[in-house]
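In each ligand, atom 1 is the first atom listed, and ligand 1 is the first ligand listed.
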Amino acid sequence: MRVLQEKFADLDGQTVTAYTMVNDNNMEVTSINYGCIITKILVPDRNGVVENVVLGFDTLEEYQKYSPYFGAVCGRHAGRIANGEITLDGTTYHLEKNNNGNHLHGGLQGFDKVVWNAEVREETDSISLQFTYLSKDGEEGYPGNLEMKVTYKLTNDNELEISYQGLSDKRTVLNVTNHSYFNLSGNLKSDILNHTLTLKSERFLELNEALIPTGEILPVEDSSFDFRTGRKIKDGTLTNNPQNIVAGNGYDHPFLLVENNNHEINLYDDESGRGLVIETDQPAVVLYTGNQLGEDLSVRGVTSRNHLGLCLETQGLPDSLHHPHFPSAVLEKDELYKSVTRYKFTN
Ligand code: FUC
């Protein structure tokens with residue numbers, strides 16, 4: 001196993017480096033210390049052909065100007081917060097409103113748009129990259145100096161493990177995720193509509209027109225949201241279920257997981273034979289099927305289009321401070337936030 005390092009860009013006197021972790025099966029994960037962005041994941045198909053299975057760019061400018069959070073770590077709070085307002089202990093904090101009057105994915109300059117420190121760690125059975133970042137009190141409106149640590153670890157089982165840690169000197173909120181857009185066809189040969197998703201989830205959050213949770217938790221039974229025995233993503237584009245329509249023809253919904261760390265999220269592409277099993281300790285996964293990708297981006301030479309990639313964002317429930325019956329995103333002063341999600345690729 002090895003790690004290759006290459007200069008990716010210069011940014012305000014800082015160097016952005018691309019780190020490529022390579023395992024003994026020639027699986028590769030490349031990430032940069034800007035936004036902890038995963039720019040590439042190369043994995044074999046059923047015939048051993050190694051290709052890229054995530055959406056990404058080759059230049060920093062594209063990530064800065066156009067990226068819909070490709071591969072990035074989102075925080076401090078992934079997902080939307082209505083009106084960008086949170087109230088903690090009687091004080092209302094006004095967060096950056098960067099999405100139609102609401103707060104999304106940490107604001108204008110969230111974790112996805114800052115330079116992190118990076119350190120390479122080589123162990124016997126794995127290699128890892130450890131990214132650290134100090135988010136200052138008041139950044140994007142959030143209270144507390146927050147010390148963040150994100151670790152990407154690659155093993156010889158073709159598993160990428162992402163672990164998050166956070167520690168704040170004030171009571172605050174924290175809900176982080178990775179926003180990779182997967183496309184298992186390899187090098188974007190097809191879109192993701194024929195991918196099959198199996199999810200251990202019985203309930204999902206209803207969204208309003210602004211894609212903010214209404215507070216209602218709906219059963220998946222007898223609907224295009226029932227992925228329990230496997231369902232193609234295209235089902236969500238062929239139905240007139242109002243929740244698929246509100247999402248822009250597809251899915252953009254948090255699903256509550258009934259199990260953790262037990263093959264709860266399973267994505268499969270029959271054409272290439274590639275599979276992805278995601279296990280997490282988080283209560284939910286947001287399935288976003290790239291409904292807003294549009295046709296304005298060139299993704300390594302491929303013109304973007306809706307449903308070119310899909311995100312499986314393991315996290316807590318969005319907007320939980322406005323819905324007391326949701327698990328809370330509050331992080332107590334000096335309490336260590338810890339979370340792990342593992343992505344295992346099969347072929
Ligand atoms: C996802 C979605 C959004 C948004 C964005 C790029 O997480 O929830 O609707 O478009 O990412």
Side-chain angles (χ1 to χ4, degrees), residues 35-38 54-57 62-82 84 95-113 140 162 164 174-183 191-192 197 199 201 204-214 225 233 236-237 242-256 265 267 278 280 282-297 299 304-320 322-323 326 329 341:
C36 302
I37 291 173
I38 295 175
V54 289
L55 271 58
F57 296 123
E62 289 169 290
Y63 282 111
Q64 288 176 304
K65 284 188 198 148
Y66 315 113
S67 181
Y69 302 90
F70 283 174
V73 165
C74 294
R76 296 185 188 191
H77 192 290
R80 291 176 175 81
I81 297 178
L95 311 177
E96 285 299 335
K97 295 181 184 179
N98 58 326
N99 189 258
N100 305 321
N102 301 305
H103 180 83
L104 174 65
H105 293 333
L108 289 171
Q109 201 178 11
F111 290 169
D112 61 300
K113 292 187 191 67
E140 301 297 308
I162 304 187
Y164 305 89
L174 188 60
N175 180 31
V176 278
T177 193
N178 179 280
H179 207 287
S180 287
Y181 288 68
F182 298 101
N183 180 328
D191 59 34
I192 49 80
L197 179 67
L199 265 189
S201 171
F204 69 102
L205 298 193
E206 183 186 60
L207 303 179
N208 69 17
E209 304 261 294
L211 304 175
I212 307 260
T214 62
F225 286 77
I233 298 297
T237 66
Q243 280 298 300
N244 290 117
I245 291 166
V246 101
N249 200 25
Y251 302 91
D252 198 348
H253 291 77
F255 286 78
L256 280 99
I265 306 164
L267 186 68
I278 304 180
T280 186
Q282 286 295 299
V285 60
V286 173
L287 167 64
Y288 170 56
T289 52
N291 321 318
Q292 305 164 40
L293 274 173
E295 289 168 16
D296 297 337
L297 304 176
V299 191
S304 68
R305 59 187 190 276
N306 289 349
H307 315 299
L308 190 60
L310 68 82
C311 304
L312 290 158
E313 307 160 47
T314 55
Q315 57 179 272
L317 297 184
D319 209 26
S320 61
H322 298 135
H323 301 288
F326 290 180
T341 297

Next on the checklist: Yes or no: does Val286 have any heavy atom under 4.0 Å from an atom of ligand 1?
Outcome noted: no
Are [X] and [Y] packed together at the side-chain level, in the sense that at least one heavy-atom pair is separated by less than 4.5 angstrom?
| X | Y | value |
| --- | --- | --- |
| Leu207 | Pro254 | yes |
| Ile192 | Leu267 | no |
| Phe326 | Asp319 | no |

Next on the checklist: Donor-acceptor check, side chain of Asp112 to backbone of Tyr69, threshold 3.5 angstrom: yes or no?
Outcome noted: no
Checklist entry - When you measure from the side chain of Ser201 to the backbone N and O of Leu256, does any donor-acceptor pair fall under 3.5 Å? => result yes
If you count the atoms of ligand 1 from 1 in the order shown, which ones are under 4.0 Å from a heavy atom of [X]?
| X | answer |
| --- | --- |
| Asp252 | 2 (C), 3 (C), 8 (O), 9 (O) |
| Leu211 | 9 (O) |
| Arg80 | 3 (C), 4 (C), 8 (O), 9 (O) |

Checklist entry - Is it the side chain, the backbone, both or neither of Tyr251 that has a heavy atom closer than 4.0 Å to ligand 1? => result neither
Item to check | Parallel, tilted or perpendicular: ring planes of His179 versus Tyr181, cut at 30 and 60 degrees | outcome: tilted
Checklist entry - Does any N/O atom on Tyr181 come nearer than 3.5 Å to any N/O atom on ligand 1? => result no
Checklist entry - When only distance counts, is Glu313 in polar contact with ligand 1, meaning an N/O pair under 3.5 Å? => result yes
Checklist entry - Which residue and non-hydrogen atom of the protein lie closest to atom 11 (O) of ligand 1, and at what distance in Å? => result His179 NE2, 2.8 Å
